[in-house]
Amino acid sequence: MIPMEIDFILNGRAVTGKVSGNLLLADYLREHLDLKGAKIGCSRGACGSCTVLVNNIPIAACSYFAFQLDGKSVLTIEGLERDTTLHDLQQAFIEHAAFQCGYCTSGMILVLKAMLDHEPNPSRDTVVEWISSNICRCTGYAQIIAAAEAIIAMRANTGPTEAVS
Amino acid sequence: MSGAMRIVGVGLPRKDALEKVTGRVRYTADVDLPGMLHAKTLRSSRAHALIRSIDVTAAANAPGVRAVLTSKDVPSHYMAVYGYNIKDQPLVATDRVRYMGDIICAIAADTEEQAAAALALVSVAYDDLPVVATMEAALAADAPELFPEAPFGVVPGYGEGASAVMRPRKNVCYQFNYTTGPSSAFDVCDFVYEDVFRFSRMHHYHLEPFVTVASAREGRIEVWASNQNPFPLRKELARIFKVSESSVTVHVGTLGAGFGSKNNCKTEPVAVMLSLMTKRPVRFCLTMEENALTNTQHAAILKLKTGVMKDGILVARQSEILLDSGAYSDASPLVAEKAGYRIPGPYRWKHIDTACLCVMTNTAPAGPFRGFGGTQASWASESQLDMIARRLGLDPYDMRVKNMISLGEPFVPGESGMDSDLKEGLDLVCAEIGYHDKVKKPFFGKGISIGFKDGGGIKKAAQARVRILTNGDAIVNCSSVEMGQGIRTAMTQVVGEILQLPIERISAPAINTDHSPFCEGTNASSGVAVTGRAVAQAARDARQKVLDFAAMQLQCDASELSLENGVIVQGTGPNAQRHPMGPMVMGFYGGPGFEFTAEGFFMAPVDHRAPLESPCVFWEMGWGAAEVEVDIETGQVKVHKLVTSGDTGRSINPLVCKGQEDGAAVMGYGQAMFERMIYNDAGELLNIDPLIYRVPLAEDVPSHFVTITQQQGHGPGPFGAKGAGEATILPVASAIANAIEDAVGVRITELPITPERVLEALARKAKAELRS
Amino acid sequence: MLAIDSAGLVATSFRTLPPLDVVRAESVGEALQELRRAKRPAILAGGTDLPARFNVGDYPDIIIDIAKIKQLHAVFIDKSELVIGAAVTHQSGSTHALLPAVIPGFQEAWKKIANMRIRMSGTLGGNIMSRRTRYEGAILLAALNAQLEFATLSGPLFMAAGDLWDAELPVASLLQSIRIPIATKPRLDYERSLRPIFTQAFYVDDTGAGRLVSATEFVRPHIWAFDRNSQSNPSPEEIDFQDPVTGTAYLNQVRAVFFMRQMTRLGLS
């Protein structure tokens with residue numbers, strides 16, 4: 001039960017951390033690194049409010065041990081902005097009011113980021129399939145889908161507004 | 001005025017947009033105080049039992065434990081029970097437990113892990129009592145009494161025709177009655193139909209859990225609560241812990257949703273008690289499983305006896321509604337009022353007679369849930385109306401139009417007039433699904449519904465304060481809780497329109513009961529229609545103060561002046577003179593500047609002629625239409641089209657209103673089709689696992705899903721607004737059930753509409769046809 | 001919720017997880033040695049189901065991380081079997097180029113399991129070892145007559161996927177791979193439109209042999225052997241499902257209806 005030393009990339013920056021075996025990523029981010037953008041909803045991997053991207057794959061941070069980060073790269077909602085410029089997904093969420101209480105929003109945005117990185121020109125069904133990973137109890141999903149579709153249409157015309165990592 | 005800014009009615013970015021899309025927003029779940037302890041609880045594993053003994057010795061000595069709370073530790077001078085009008089829920093269980101999940105013991109420790117580990121060392125000796133997990137069981141002659149001694153409670157005042165009584169019979173904590181018109185009206189009816197409907201119970205499934213951080217020290221109690229009604233909470237905590245109300249401070253920031261559940265005491269009393277015991281801040285945050293055990297919607301059985309003329313004219317309705325209130329009364333009496341009051345639907349009657357009973361069972365306490373009794377009532381009322389139309393050979397559309405209340409017509413004697421054109425809304429949703437198309441595909445059907453509730457609350461009072469700062473920037477202080485519905489955005493838009501000030505220059509700070517103006521609570525869709533009126537008044541009065549000041553400075557009449565983006569405009573047209581506020585204010589008050597502050601107040605008028613003693617502030621109408629296809633071999637229902645519509649009167653922010661209506665409709669859709677809490681007869685919640693409890697996902701939403709926001713303009717709120725956010729949950733289930741009968745001729749009277757129930761109904765129909 | 005016999009319920013979660021040890025096994029042998037020593041081990045591959053265990057108070061004292069064991073990630077054909085490593089994720093497995101040709105219908109079925117987030121890190125091995133029909137892997141693998149290959153200290157142990165429910169596995173055993181016979185050209189149809197109330201997988205191969213696997217989210221899969229060449233069992237017999245939510249009569253009815261539809265889709269009627 002000796003803390004493990006881990007090296008990983010946190011929102012683009014190399015980090016070394018000491019973590020105990022029973023520390024889940026959700027608590028590591030929120031309590032140790034003060035990155036509270038990942039929210040704890042169901043603590044069971046069902047709601048996806050704590051979704052972050054590890055090596056560009058969406059994972060529920062309540063279902064992932066901190067030590068598993070060793071050698072990997074994690075992106076949280078706090079890492080999505082570039083020099084105070086919002087990611088186009090964040091901008092689209094604002095324009096379409098694609099959130100209400102906001103508790104699922106970090107996770108939803110990151111799921112959609114992963115989707116766009118894996119499938120640059122997804123259909124509406126693909127959007128629905130990806131966001132069905134997470135639960136939004138407020139919006140009925142329509143405005144989230146609208147935000148995603150707006151970005152897909154915009155990128156089809158102009159390409160992404162920033163390099164996707 | 002030409003060139004005026006349009007702020008109200010525009011889908012501006014929400015005030016909370018940036019903090020929410022960047023993850024910077026902080027909820028109560030994120031509050032972290034220095035030296036904060038963590039609470040966990042031991043909950044009953046029995047649905048109904050006497051507590052013979054509790055042994056906490058080992059737990060008290062476990063690592064990290066700072067306090068162990070059982071009922072023995074509650075000072076006798078506290079009034080350690082809570083509830084709305086009936087105080088029946090103990091802070092921790094005293095002599096008995098009444099449902100699986102009842103709190104028996106709480107521990108505050110340095111970490112949640114230590115608290116949980118210590119709780120595993122507690123032992124409890126129970127003497128099991130018979131369990132009543134259903135309303136039928138609770139009302140049986142030989143049922144055990146859940147409350148052998150009557151808890152303290154009060155019946156509020158009611159107006160014409162309405163009344164209530166506590167404990168009218170065993171295991172019924174409250175009964176609401178409403179009567180108008182002579183019961184002899186039934187005698188003239190051509191037909192009288194009796195039907196029974198069953199309504200299932202949902203878990204709110206708000207993503208931010210119930211959570212409180214409490215800090216009690218030096219005679220003061222301070223809580224950070226995820227709570228929809230900070231002021232009633234303050235009053236309740238002061239009463240429980242026997243301190244002056246002014247020494248309780250409640251902080252409410254942004255809620256990770258509530259849907260009604262986060263009203264009144266939930267996690268707060270235990271957190272405060274543990275903080276009093278430890279003199280340290282205590283965080284008490286539930287898991288999703290515990291959320292489901294803390295507050296739920298009301299399951300219901302609704303018996304409707306409706307008399308009609310053969311041409312479809314409605315005459316008389318007698319209703320008996322049973323609400324499954326669970327183990328503690330919570331808001332059940334209030335929900336009973338509303339379910340009972342709303343059961344006639346928005347139609348004309350000669351006679352209404354309603355009884356609504358709150359039945360106590362050994363299940364989780366039920367309380368407020370979006371729709372607040374209106375969802376239950378609309379399910380039954382709009383289903384039966386359709387059934388009667390079909391029995392009479394009438395089109396359900398025609399029957400509704402024939403009976404619906406006209407614009408301006410009171411719902412019942414003493415009530416306020418209907419403030420929506422009901423036919424206009426119905427025609428919109430009918431058009432969207434092609435209701436009147438005569439071509440009928442086999443196994444396809446269409447159904448419609450008009451959901452109905454009174455909005456704005458009863459005798460609801462709210463204050464607000466608007467402050468215009470030196471340069472014209474503004475702050476709006478009011479206590480409508482931001483829980484996702486966008487109320488802080490709406491309030492800044494109302495103020496922005498009145499002050500002609502961009503909302504970027506207006507802030508709407510979080511609530512602190514020491515400083516924020518009083519508000520009864522954020523419920524009943526009352527934000528804009530009640531608190532918004534106080535805000536609008538405060539904004540107008542603050543503006544007037546600015547203009548009066550400027551008139552004094554400019555030595556002119558205030559009527560010559562207007563305020564625009566922090567600039568005093570004198571005169572109109574090209575010759576208007578523009579005076580920025582800043583220099584003028586500092587010229588008079590000096591460098592530190594000044595604030596022009598005004599208070600606003602609104603309270604729905606009290607009138608004993610109105611049955612609930614307060615004429616309805618506004619009517620919250622939700623129209624729905626659905627097109628379904630039924631697989632008659634499996635009973636599967638595919639909803640091809642779902643259309644709902646609400647009337648916001650005037651949308652302060654159309655984008656926000658649409659989001660609310662989408663969300664309410666999808667919540668109603670989940671309830672219609674699959675979502676429910678499943679209890680067995682032992683009082684055990686079978687689908688407590690947040691994965692197994694099924695809420696709608698994006699993939700569940702019908703492919704043709706439309707919400708139409710009407711702005712009919714008849715609302716009483718600022719700029720003609722009404723409240724919004726609950727309307728479109730109301731009509732969904734009945735519209736779908738009505739569509740199913742249209743498709744395959746069977747009637748589903750119980751929610752959710754599972755394929756099993758559809759198939760059983762089809763089998764019954766086939767059997768009946770065989771016989772005849 | 002953790003049920004404590006002598007007291008009541010405690011809401012556990014990952015935040016109440018006691019201290020534990022972690023071993024990142026480099027080989028199957030190393031994992032087995034750790035399993036042999038451990039009291040309450042948990043095997044970590046994708047990890048997506050672990051918090052469900054914490055939430056019912058099932059706390060491991062050691063996590064044995066097998067993600068680095070390369071052989072558990074392979075998908076290949078070994079003679080007459082499709083071999084899927086236990087740590088193959090749903091996403092990489094279900095999109096593997098081998099699948100469509102060797103078992104028509106399997107890819108479509110597997111692609112629908114869980115959701116994108118879970119599919120990208122959840123593994124087929126973890127899915128089946130959680131012994132929850134809700135997770136669906138067990139239904140598909142039982143239909144496909146898959147053999148589960150466990151590594152144990154005394155050598156490999158094989159078990160039919162459908163037998164996992166009642167099996168008592170040696171303490172030191174690690175699911176290595178899932179082996180699906182393909183010599184007889186199996187085809188699969190998976191009907192999940194009623195999920196989670198009822199789902200049904202139907203498999204048939206060139207010899208006319210088949211298996212119908214029916215399940216609800218609450219009860220284990222029922223397996224019925226189908227033989228196209230036999231006239232004695234043309235349709236499945238009634239099952240006493242004992243589902244706590246849905247009635248047995250209904251489940252049998254849809255079972256029969258789905259069976260007929262699946263027969264049609266597989267060209268058998």
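Letters go in sequence order (proteins before strands), and every chain restarts at 1. In what follows, every heavy atom counts, from backbone to side chain, and hydrogens, waters and symmetry copies are set aside.
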Next on the checklist: Apply side chain to side chain donor-acceptor pair (under 3.5 Å) to residues A:N22 and A:S20 and explain how you reach the verdict.
Outcome noted: CA-CA 6 Å; A:N22 63 340; A:S20 59; 3.0 Å; yes
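A heavy-atom distance below 4.5 Å is found between the side chains of A:K113 and A:N56. In this structure, the side chains of A:L116 and A:P122 come closer than 4.5 Å at one or more pairs of heavy atoms. Taking 4.5 Å as the limit, every side-chain heavy atom of B:D16 sits out of range of all side-chain heavy atoms of B:V25. For the pair B:M483/B:H206, no side-chain contact is recorded, criterion being any heavy-atom separation below 4.5 Å from C-beta on. Proximity of A:Q143 to B:L655: side-chain heavy atoms (C-beta onward) are separated by under 4.5 Å at one or more points. Looking only at side-chain heavy atoms (C-beta outward), B:F210 and B:S261 come within less than 4.5 Å of each other.
When heavy atoms are compared at a cutoff of 4.5 Å, A:N134 approaches chain B solely by way of its backbone atoms N, CA, C and O. Neither the backbone nor the side chain of B:D700 comes within less than 4.5 Å of any heavy atom in chain A. For B:V21, the parts sitting under 4.5 Å from any heavy atom of chain A are the backbone and the side chain alike. Residue A:S49 touches chain B through its side chain alone, counting heavy-atom pairs closer than 4.5 Å. For chain A, the nearby part of B:E113 is the side chain; its heavy atoms alone come within less than 4.5 Å. With a 4.5 Å cut-off on non-hydrogen atoms, A:K36 touches chain B through its backbone and its side chain both. The part of A:I109 that comes within reach of chain B is its side chain, from C-beta onward, which places non-hydrogen atoms under 4.5 angstrom from that chain. Contacts of B:F259 with chain A are made by side-chain atoms alone, with heavy-atom separations under 4.5 Å and no backbone atom involved. Looking at A:Y141, the atoms closer than 4.5 Å to chain B (heavy atoms on both sides) all sit in the side chain, from C-beta outward. Contact annotation for A:E95: only backbone heavy atoms (N, CA, C, O) come within less than 4.5 Å of a heavy atom of chain B. Looking at B:L691, both its backbone and its side chain come within 4.5 Å of chain A, counting heavy atoms on both sides. For B:D689, the part sitting under 4.5 Å from any heavy atom of chain A is the side chain, from C-beta outward, and nothing else. Within the 4.5 angstrom heavy-atom criterion, atoms from both the backbone and the side chain of B:T22 approach chain A. With a 4.5 angstrom heavy-atom cutoff, B:A29 touches chain A via backbone and side-chain atoms both.
Not a single donor-acceptor pair under 3.5 Å links the side chain of B:R14 to the backbone N or O of B:G11. In this structure, A:N11 contributes its side chain and A:T76 its backbone to a donor-acceptor pair below 3.5 Å. Looking at B:R370, its side chain does come within 3.5 Å of a backbone N or O of B:G725 through a donor-acceptor pair.
The two residues A:V54 and A:Y64 have their closest heavy-atom pair at CG1-OH, 3.5 Å. B:T492 and B:A508 make their closest contact through CG2-CB, 3.9 Å (heavy atoms, listed as atom of the first residue, atom of the second, distance).
Between chain B and the options A:R30, A:E129, A:E78, heavy-atom pairs under 4.5 Å are most frequent for A:R30. The residue among B:M288, B:K20, B:E19 with the most heavy atom pairs within less than 4.5 Å of chain A is B:K20. Annotation: maximal heavy-atom pairing with chain A below 4.5 Å, among B:T489, B:T287, B:L697, B:L18, occurs at B:L697. Per-residue counts of heavy-atom pairs under 4.5 Å with chain B were compared for A:I131, A:I135, A:T105; the largest is that of A:I135. Chain B forms more heavy-atom pairs under 4.5 Å with one residue of A:L89, A:I94, A:L35 than with any other, namely A:I94. Most heavy-atom pairs under 4.5 Å with chain A, from the set B:V701, B:T707, B:V695: that is B:V695. Across A:C101, A:G37, A:G41, the residue that shares the most heavy-atom pairs under 4.5 angstrom with chain B is A:C101. Counting heavy-atom pairs closer than 4.5 Å to chain A, the top-ranked of the candidates B:D662, B:T254, B:V666, B:L207 is B:L207. The candidate from B:E482, B:E289, B:H204, B:E661 with the greatest count of non-hydrogen atom pairs under 4.5 Å with chain A is B:H204. Counting heavy-atom pairs closer than 4.5 Å to chain B, the top-ranked of the candidates A:Q91, A:M108, A:R44, A:R137 is A:R137. Ranked by heavy-atom pairs under 4.5 Å with chain A, the first of B:G659, B:P690, B:A257 is B:G659.
Using a cutoff of 4.0 Å between basic side-chain nitrogens and carboxylate oxygens, B:E112 and B:R283 are scored as salt-bridged.
Within a 6.0 Å sphere centred on NZ of A:K18, other residues, nucleotides and ligands contribute 12 heavy atoms or fewer.
Relative orientation of the B:Y693 and B:Y205 rings is parallel, given thresholds of 30° and 60° on the angle between their planes.
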